Asks: 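What follows is a structure written as structure tokens; I'll ask about it next.
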2 protein chains.
Amino acid sequence: MSSLQDVAAFVGVSAATVSRALNDKPGVSTETRQRILEAARELRYWPNSTARSLTTSRTRTVLFVTHRHKFPPSEDPFYPQIMRGLEETLARDDYNVMLVTLTDEQLTAGPEALPVLQDGRADGLVLAGPDIPPGFVLRAAASGLSVMLVDNALRETQIPAVVADNEGGCRAATDHLIEAHGHRVIGLLRGAEGWATSEERTTGYCSAIRAAGLTPRVVSVSETTIESGFEAANQALDAYPEMTAAVAVNDAMAIGAMRAAGSRNLRVPADLAVVGFDNISWAKFAEPPLTTVNVPTLEMGRLAARLIVDRIEGEFTVASRTILTSDLVVRASCGCEKAAGAPD
Amino acid sequence: MSSLQDVAAFVGVSAATVSRALNDKPGVSTETRQRILEAARELRYWPNSTARSLTTSRTRTVLFVTHRHKFPPSEDPFYPQIMRGLEETLARDDYNVMLVTLTDEQLTAGPEALPVLQDGRADGLVLAGPDIPPGFVLRAAASGLSVMLVDNALRETQIPAVVADNEGGCRAATDHLIEAHGHRVIGLLRGAEGWATSEERTTGYCSAIRAAGLTPRVVSVSETTIESGFEAANQALDAYPEMTAAVAVNDAMAIGAMRAAGSRNLRVPADLAVVGFDNISWAKFAEPPLTTVNVPTLEMGRLAARLIVDRIEGEFTVASRTILTSDLVVRASCGCEKAAGAPD
DNA sequence: CTGTTAGCGCCTTCAT
DNA sequence: ATGAAGGCGCTAACAG
């Protein structure tokens, strides 16, 4: 590999001049600049990023940090998709993404204990997912690195975040069951308390329910998997026999709920309408196809990329919390018609 | 951030001694080593990875390179999962993974045109997916970086690869249709020619078919998506009206085939048995649940991690091609019984 | 406009 | 067992 020195020697100028020419800095005559560019091409010169980082103390690297179990999240490319959006957009600005998945222990030990966050390898962190402890986020932000949250938010802080409109999306889904299908007894199947997204979705459900003069019926279980959806639906059906519809806080739970209905010989949507949240990849292949709320994962990643680059490069950013709209995707599990046959 | 110098000054020794102590090199008395370690902890010292890389010319970074459309592959976390396995295992050896997704243009332009492959940012590349052009692979390997292939292989080269047993898996699937269910007219739905994995799966199908004294009936379409599976199945059903079973080279095509059957009022598996390949996450939620061949994606990533670290660190590695077994996952779409109800 | 000097933080001879 | 010196490849400050 040839170095800056090689190019300088080749052209017969100093290294400083080559550096200036290659970095589009002023102070080089058009002619020598030309000769330098040609020489660089000829010698197949590429600036060594390590050396550059050492002097500039910028790595043009962003860490995509998630809880290890989230990547891939049990069964769906939710976070991978965010990462892809991130990578795609960062690449345009010549930034790179590094994947960092953290165990529970590492998450509780905190950012100080992680070499990769301390050794100057990265300029910024994108912390993805509601299961990154607030303490971790705060201490990471205090460490001098630029920090962004995605699919998570810390109220009462200035840490910028990109989130889906969980509340609005869940309200829309619940409204749809009430208004388009006339349901009056609608359960909410949710996971553990404490995660921002779950709380927000619950709020959306409750607000739609209350606005229609109905009673909220919430069942909480400890996780948000297919299995726990199965369990939560059974609990709900036992507790509220007159229930005709269920809103699940995510698609995995919704799938579980549909399985639970099936195991009780209830037809979906005739006997029990079900809607989910996330619009994961296989929601459309569920039987019946799942009505759900879309979360624009790719967009979240893209936006996070722009925002973190702005922060790293010291640009002024106003918004500290960006909410992306989450639209209802109507399929068949809510009771709407849906042509079978060809894929959509 | 404190530097090596700071620690040295604090303890009252030279930087060289601190370096030796921290890197477990001989030539430091047990006592000073102790004092240095304590000082480092106290000052919250972390070696700066950039500076270290500059002197050692090692970055402890591996690039995970895929075609951009593969990540996430159309709808399933196949490559994300490989990447996760890679990351998980690399992390144990203090290596990091960077995600690089390449467009068609970048793939044809070749590795020389990609700064990230030329600027000394990484020690090695894991090239994932059959759609990385051979030329790209060869030139990457010639560039001095350590290279590994995953879910792809280049015959007649020494480039190490980790692949699933595509041939054996597809043979097993086809055998199952013949032996367990007595099918005699079995179609193969495949995508474009040229990709190693597709070719190998086709070979497995053909060998099973021939071993049973049957005739291969292959339908090739240009892609391997749900849509193209729909199309291929329709073509096959038109061409071979007596066909009672279909093997698809991947699960997406299998899902498409089941939809095609449905649109012709054929029941799966009664009128048309279908098996897929990959065991993607939603295969088990298909209706009926899809019988398919599992590909151990996590394991592929883990193994790739070990092998590339060995290569980077100059260890001797014998195998240039590692084949991981791919087992048949029997569900209902092949005609076997499968209890409905609770998730599996 | 161009060159010289210095230094980023670390590792590695070579001396002592 | 320890220290001094040099250099990895690049950028930045200061001269000219």
Side-chain angles (χ1 to χ4, degrees), chain A residues 1-37 39-40 43-61 94 115-123 144 313, chain B residues 1-37 39-40 43-61 94 115-123 144 313:
Chain A
M1 289 298 87
S2 45
S3 72
L4 232 200
Q5 284 295 351
D6 299 334
V7 178
F10 187 87
V11 179
V13 294
S14 75
T17 302
V18 175
S19 174
R20 283 190 276 258
L22 262 25
N23 291 309
D24 282 321
K25 302 239 162 137
V28 186
S29 74
T30 326
E31 192 220 322
T32 48
R33 189 183 295 270
Q34 275 307 332
R35 286 168 48 218
I36 289 169
L37 291 178
L43 298 176
R44 289 213 194 78
Y45 167 74
W46 288 95
N48 179 302
S49 76
T50 304
R52 177 176 279 175
S53 292
L54 189 59
T55 52
T56 61
S57 48
R58 289 230 169 302
T59 58
R60 300 193 87 81
T61 295
D94 296 311
V116 71
L117 303 194
Q118 303 294 338
D119 65 6
R121 203 179 286 269
D123 296 337
E313 301 185 348
Chain B
M1 288 300 85
S2 45
S3 70
L4 232 200
Q5 285 294 353
D6 299 335
V7 179
F10 187 86
V11 179
V13 295
S14 74
T17 302
V18 176
S19 174
R20 284 190 274 256
L22 262 24
N23 291 308
D24 282 322
K25 302 239 161 138
V28 185
S29 74
T30 325
E31 190 220 323
T32 49
R33 189 182 296 271
Q34 275 307 332
R35 286 167 48 218
I36 288 169
L37 291 177
L43 298 177
R44 290 212 194 77
Y45 167 75
W46 290 96
N48 179 303
S49 76
T50 304
R52 176 176 279 176
S53 292
L54 189 59
T55 49
T56 60
S57 48
R58 289 231 170 298
T59 58
R60 300 193 88 82
T61 295
D94 296 311
V116 71
L117 302 195
Q118 303 293 338
D119 66 6
R121 203 179 284 272
D123 296 337
E313 301 185 349

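Note on naming: letters A, B, ... go to the chains in the order of the sequence lines (proteins, then strands), and numbering restarts at 1 for each one. Quantities reported herein were computed from a predicted structural model and do not represent experimental measurements.
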Asks: To the nearest Å, give me how far apart NZ (B:K25) and P (D:dA1) are.
Replies: 15 Å
Asks: Side-chain polar contacts of residues 7-25 of chain B - donor-acceptor pairs under 3.5 angstrom, sequence neighbours left out - could you list them?
Replies:
from  : atom 1 : to    : atom 2 : distance (Å)
B:S14 : OG     : B:A16 : N      : 3.4
B:S14 : OG     : B:T17 : N      : 3.4
B:S14 : OG     : B:T17 : OG1    : 3.3
B:S19 : OG     : B:N23 : ND2    : 3.4
B:N23 : OD1    : B:R52 : NH2    : 3.2
B:N23 : ND2    : B:S19 : O      : 2.9

Asks: Per the end-axis method with five pairs at each terminus, what is the bend angle of the helix from C:dC1-D:dG16 to C:dT16-D:dA1, to 10°?
Replies: 40°
Asks: For B:D94, which residues count as a side-chain hydrogen bond (donor to acceptor under 3.5 Å, both in side chains) partner, sequence neighbours excluded?
Replies: none
Asks: Identify all pairs in which a protein N or O lies below 3.5 Å from an N or O of nucleotides 8-10 of chain D, and state each distance.
Replies:
from   : atom 1 : to    : atom 2 : distance (Å)
D:dC10 : OP1    : A:Y45 : OH     : 2.4
D:dC10 : OP1    : A:N48 : N      : 3.2
D:dC10 : OP2    : A:L4  : N      : 2.3

Asks: Heavy atoms only: give me the nearest B:S3-B:Y45 pair and the separation to one decimal.
Replies: C-CE1, 3.4 Å
Asks: Listed by chain and number, what are the side chain to side chain contact (heavy atoms under 4.5 Å, CB included) partners of B:N48, not counting sequence neighbours?
Replies: B:T50, B:A51
Asks: Of all residues at least two apart in sequence or in a different chain, which pass the side chain to side chain contact (heavy atoms under 4.5 Å, CB included) check with A:T55?
Replies: none
Asks: Quick one: list whatever passes side-chain hydrogen bond (donor to acceptor under 3.5 Å, both in side chains) with B:T61, sequence neighbours left out.
Replies: none
Asks: At the 4.0 Å heavy-atom cut-off to chain A, mark where contacts on DNA chain C begin and end, going 5' to 3'.
Replies: C:dC1 to C:dG9
Asks: Ignoring backbone atoms, establish whether B:T17 has a side-chain N or O less than 4.0 Å from OP1 or OP2 of D:dG3.
Replies: yes
Asks: Apply side-chain hydrogen bond (donor to acceptor under 3.5 Å, both in side chains) to B:R121 and list each qualifying residue two or more places apart in sequence or on a separate chain.
Replies: A:N96, B:D119
Asks: In chain order, what residues pass the side-chain hydrogen bond (donor to acceptor under 3.5 Å, both in side chains) check against B:S29, with sequence neighbours excluded?
Replies: B:T32
Asks: Give me the residues of residues 29-37 of chain B where at least one heavy atom lies under 4.0 Å from an atom of DNA chain C, by number, or none.
Replies: none
Asks: Sequence neighbours excluded, which residues qualify as salt bridge (Lys or Arg N to Asp or Glu O under 4.0 Å) partners of B:D6?
Replies: none
Asks: If you measure from CZ on B:R58 to CD on B:E313, what distance do you get to the nearest 0.5 Å?
Replies: 7.5 Å
